K.L.:
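So that we are looking at the same thing, I have put the structure below in structure tokens.
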Amino acid sequence: MQYLTTLPSWCGVLLGTLLATAAFGIDKPYPGPFVENDDMLMVVMPRTPGQMAAFYEARGFPEKALELISDACFVTVHIENKSQRVIWLETANWKLGSNNQPLQRLDKEYWDARWNEINLPQANRATFGWTRLPVERNLQPGEPVGGNIVLGGDVRKFNLEARFLTGADKRGDMLEMRFQDIDCPKEEPHQ
Amino acid sequence: MKHILMLCCSACLLVLAAAATGAETLPPGVMRIDGTPAPALQLDNLDGAAYDLKATHGHWRFIHFWASWCGPCRKEMPGIGRMITALGDSGLEIVLVNTAETEDEVFTFLGIVAPDLLPLMDIDGQVTEVWQPRGLPATYLVDPSGNIQYQALGGREWDKPEYLEFLRGLGPPASQGN
């Protein structure tokens, strides 16, 4: 398994069930690389194209949408605020990289443009939206959040540095979680 | 004896202070919010009957957004069924809103998990978008005047005593509203 260092001192997350933007706490053993300490739990779970296509196909997504989904790298993330203060999920503060090059996420604007091109039905768009990780959330004490981050291009492995401001006014200490060599499985092309 | 008296006095002062500040004990994951007016909610249920939130003013309403693909929603739903049974005719109106799924998907899921529940169908997900929950599942508690007073973060074990006690204590039943 890949790993995982974090600051200040973390040890090595989720998703019994994929893809929910809010959640119960997750039971151990976590189904992917994780970092956990007294403040936070963060789990990342790479998904194969086959897993993602099957999930959305079962929700009635058309073939053209499944092709677009299969071309991307989906990683399901679960985060839980275990502290007694507000922790800010702001994916703009995250760094994704591969081979010393920064990676860009495929964001809402990207997907909205693709869905417009193929006239994806509104219900499918709503479902896809709810399965993405929110870009910003003031996580309250005890609050979990989950969802997918999506990368484009031919990425095989990548690193993730996730930074979180704390406190209602964002003036608390900054938390950081690092994941190295996260897999981006490609071996299951959509049939 | 002197120490016991001091302890009793301290305890009384704490209780009085809590009462004076309106301190409220909420179950885990339930958050008081600002009492903003609830957005419109007009949908048909799984049987095709129309529902309008405005028409139910006078009740506390438990508005719950969910989808069958969402794992925490699946985990939570049986507890909601037991919560409804436990609350009986408490006056709390339970409103389940399925987000962007088909009747077949919902019927299949609820038929197994909670066959007595009859959700509203937000077929295209647009009502859910207006409510802007923090994720799925999401639960709002709307007071008899139509204002959102509480939100639950993520899935909750609604049939546990602390949640049932909280829900029973929400306030006036339907007859005292409007």
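In what follows, every heavy atom counts, from backbone to side chain, and hydrogens, waters and symmetry copies are set aside. Values in this document were obtained by computation on a predicted structure and should not be read as measured data. First the proteins, then the strands, lettered A, B, ... as listed; each starts at 1.
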K.L.:
Can you tell which part of P28(B) gets under 4.5 Å to a heavy atom of chain A, answering side chain, backbone, both or neither?
P.N.:
neither
K.L.:
Mind checking the CD-CG spacing from Q122(A) to D124(B)? Nearest 0.5 Å is all I need.
P.N.:
6.5 Å
K.L.:
So with a 6.0 Å cut-off around CD of E165(B), is the heavy-atom count from everything else above 12?
P.N.:
no
K.L.:
Check each atom of N81(A) against the heavy atoms of chain B and say whether the ones under 4.5 Å are side chain, backbone, both or neither.
P.N.:
neither
K.L.:
Without placing hydrogens or testing angles, list every side-chain donor-acceptor pair under 3.5 Å for residues 166-174 of chain A, not counting sequence neighbours.
P.N.:
residue : atom : partner : partner atom : Å
T166(A) : OG1  : D173(A) : N            : 3.0
T166(A) : OG1  : D173(A) : O            : 2.5
T166(A) : OG1  : D173(A) : OD1          : 3.1
D169(A) : OD1  : R171(A) : N            : 3.0
K170(A) : NZ   : E90(A)  : OE2          : 2.6
D173(A) : OD1  : R85(A)  : NH2          : 3.0
D173(A) : OD2  : R85(A)  : NH2          : 3.2

K.L.:
Any idea which heavy atoms bring Q140(A) and M31(B) closest together, and the distance?
P.N.:
CG-SD, 3.5 Å
K.L.:
Test of understanding: clusters of I, L, V, M, F, W, Y form through side-chain heavy atoms closer than 4.5 Å, transitively. Do F74(A) and V135(A) belong to the same one?
P.N.:
no
K.L.:
Can you name the closest pair of heavy atoms from W130(A) and P133(B) and give their distance?
P.N.:
CH2-CG, 3.4 Å
K.L.:
What are the two closest heavy atoms between R156(B) and P144(A), and how far apart are they?
P.N.:
NH2-CD, 4.5 Å
K.L.:
Which heavy atom in A123(A) sits nearest to a heavy atom in A100(B), and how many Å separate them?
P.N.:
O-CB, 3.6 Å
K.L.:
Are I94(B) and V113(B) linked, directly or through other ILVMFWY residues, by side chains that come within less than 4.5 angstrom of each other?
P.N.:
yes
K.L.:
Surrounding CG of D89(B) (heavy atoms of other residues, nucleotides or ligands, distance under 6.0 Å), is the total greater than 12?
P.N.:
no
K.L.:
Given 3.5 Å as the limit, does a donor-acceptor pair link the side chain of R137(A) with the main chain of R134(B), or not?
P.N.:
yes
K.L.:
Taking atom CZ as the centre, does F166(B) end up with more than 12 heavy-atom neighbours from other residues, nucleotides or ligands that are less than 6.0 angstrom away?
P.N.:
yes
